[in-house]
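A short write-up of the structure that comes next.
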Amino acid sequence: MFFNMTTKLYIEKDAVSNHKKDIEGFGKKALIVTGHNSSRINGSLSDVENTLQSIGTEYIVYNKTDENPSVENILDAREFALSFDPEYVIGIGGGSPLDASKAIALMLANPSFGKELLFDTSLNYKKALPVICVPTTCGTGSEVTPYSILTLHDKQTKSSIPHHIFPELSLGDGKYLSYAPENILINTAVDALGHFIESHINAKQTSFSCLFTEKGLSMWQTVKTILLKKEKTYDDYETLLTVSSIAGMAISHTGTSLPHGMSYSLTYNYGIPHGKAVGTFLPAYINNSDAKNKSQVLKLLAYNSCEEFSSDLEKLIGRTVIKECDYNSYMEAMMSNERKLKSCPFTADKNTVSAIYKDSLLSID
Ligand code: NAP
Ligand code: ZN
């Protein structure tokens, strides 16, 4: 068994300003990577800027990270920052800018390489610049995972890069979540739920990963209650953020499985947000797993049946409608994703994957 979690993580009120000494240790020049607008509105960017100014650190801001960032997005950010020559990268936002910051940090450390480096670990390359993450959504756990998931337009899908880049420091503060609309909180919390379920029902499950999944799955009813509350407190936001980081710790050890693999086609082709796309397949994934895992997961989630879970989840994320003509190509894409198939602990042949599609929160038009 193996356990590795190299990120120093703080989740607390004013985490960024509280840890200016930690940030100071990273150097005197920082590249900040954000999404398009939200970090300016929710205060996370100004918290980081004020802190950097107070310790005399120079910085530039790349604020063009798209949702589900593409390889082109990463190269554009490197082009933007190369002449500034930053010593480290600070990613602020949801999973998209956090994932992007890791890939940008790798490309900045290796200016002579083109995009081929992103998906090749056999080249003679330097390790990525250090990364700090400030999460503002509550689902991906990217602030504690080594993963960076990029959109590949040439393959019309998304894929995790094979480089493992853990952030060195992550600073979470529930106050940023208070600016997020309900659908972003729900979709991202369902992503975290997917991380727990897919890490628990996973060929790489270990006693260590179960420490995280058992704790996290047993918190689902609390998370659901928070998501359904009209008025949320600071503590509620902190709970959502904490659960999301625990889920990140789980998948750091196991990776994800079929629901994530199946979600990529929905996101790429229909623009369905990541968490909602993953959630679409969760009840059917549990239902098709072996009896022991199925009953363990349902018990931890506090449901009597997959149907009960499915109907609760549908109330949160609804159903997704796809065209019948897309179904076969999505099946093909899933059946060629060897990494996700391998992480499934039960036989994931064409029949099973097809059964999951048919049982999911998906309607075929
Ligand atoms: P996201 O794509 O980062 O952001 C979604 C939307 O939320 C954006 O429009 C963003 O706006 C907005 N937003 C972010 N924080 C906000 C806040 N506090 N208040 C209001 N709006 C806010 O969403 P995400 O679900 O967190 O990340 C999805 C990405 O993470 C996908 O690419 C997925 O594949 C990846 N992922 C990574 C891991 C991992 O382990 N690394 C795990 C799962 C998923 P702006 O653009 O204006 O910022
Ligand atoms: Zn996810």
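All ligand and atom numbering here is 1-based and tracks the order in the structure. These figures come from a predicted structure and were not determined experimentally.
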Quick check on contacts: which atoms of ligand 1 are under 4.0 angstrom from a heavy atom of [X]?
| X | answer |
| --- | --- |
| Lys158 | 31 (C), 32 (O), 33 (C), 34 (O) |
| Gly94 | 3 (O), 26 (O) |
| Ile149 | 34 (O), 36 (N), 37 (C), 38 (C), 39 (C) |
| His195 | 42 (C), 43 (C) |
| Pro97 | 3 (O) |
| Thr137 | 14 (C), 15 (N), 26 (O) |
| Thr136 | 14 (C), 15 (N), 16 (C), 17 (C), 18 (N) |

Atom of Asp66, atom of Ser96 and distance for their closest heavy-atom approach: O-CB, 3.5 Å
Quick one: does [X] get an N or O within less than 3.5 Å of an N or O on ligand 1?
| X | value |
| --- | --- |
| Asp191 | no |
| Tyr264 | no |
| Ser38 | yes |
| His36 | yes |
| Asn68 | yes |

Salt-bridged, [X] to [Y], with N to O below 4.0 Å?
| X | Y | value |
| --- | --- | --- |
| Asp326 | Lys323 | no |
| Asp85 | Lys29 | no |
| Lys13 | Asp173 | no |

So which protein heavy atom does [atom] come closest to, and at what separation?
| atom | result |
| --- | --- |
| atom 17 (C) of ligand 1 | Asn42 ND2, 3.5 Å |
| atom 3 (O) of ligand 1 | Ser96 N, 3.0 Å |
| atom 39 (C) of ligand 1 | Thr145 OG1, 3.4 Å |
| atom 25 (O) of ligand 1 | Thr188 CG2, 3.4 Å |
| atom 35 (C) of ligand 1 | Asp99 OD2, 3.5 Å |
| atom 9 (O) of ligand 1 | Glu67 OE2, 2.8 Å |
| atom 44 (C) of ligand 1 | His274 NE2, 3.2 Å |
| atom 7 (O) of ligand 1 | Ile184 CD1, 3.1 Å |

Crowding at NZ, Lys299 (>12 non-hydrogen neighbours, <6.0 Å): no
Is the centre of the [X] ring less than 6.0 Å from the centre of the [Y] ring?
| X | Y | value |
| --- | --- | --- |
| Phe119 | His163 | no |
| His253 | Phe3 | yes |
| Tyr147 | His164 | yes |
| Phe113 | Tyr125 | no |

Donor on one side chain, acceptor on other, Asn68 and Thr151, under 3.5 Å: no
Residue pair Asp349 / Thr347, side-chain donor-acceptor N/O under 3.5 Å: no
Cationic tip of Lys175 above Tyr237 ring, under 6.0 Å, 45° of axis: no
Under 3.5 Å: donor-acceptor pair, side chain of Lys276, backbone of Ile317: yes
For the Zn ion (ligand 2), the closest N/O/S atom belonging to Asp191: OD1
Region of Asn37 that comes within reach of ligand 1 [heavy atoms, distance under 4.0 Å]: both
Tyr176 and ligand 1 - part of the residue with a heavy-atom distance under 4.0 Å: backbone
Asn73 side chain reached by Tyr62 side chain, heavy atoms, under 4.5 Å: yes
4.0 Å heavy-atom contact, Pro273 with ligand 1: no
Option of least heavy-atom distance to atom 24 (P) of ligand 1 (set: Gly95, Ala100, Gly43): Gly95
Steps toward side chain to side chain contact (heavy atoms under 4.5 Å, CB included) verdict (Thr188, Ser244): CA-CA 8 Å; Thr188 58; Ser244 164; over 6 Å; no
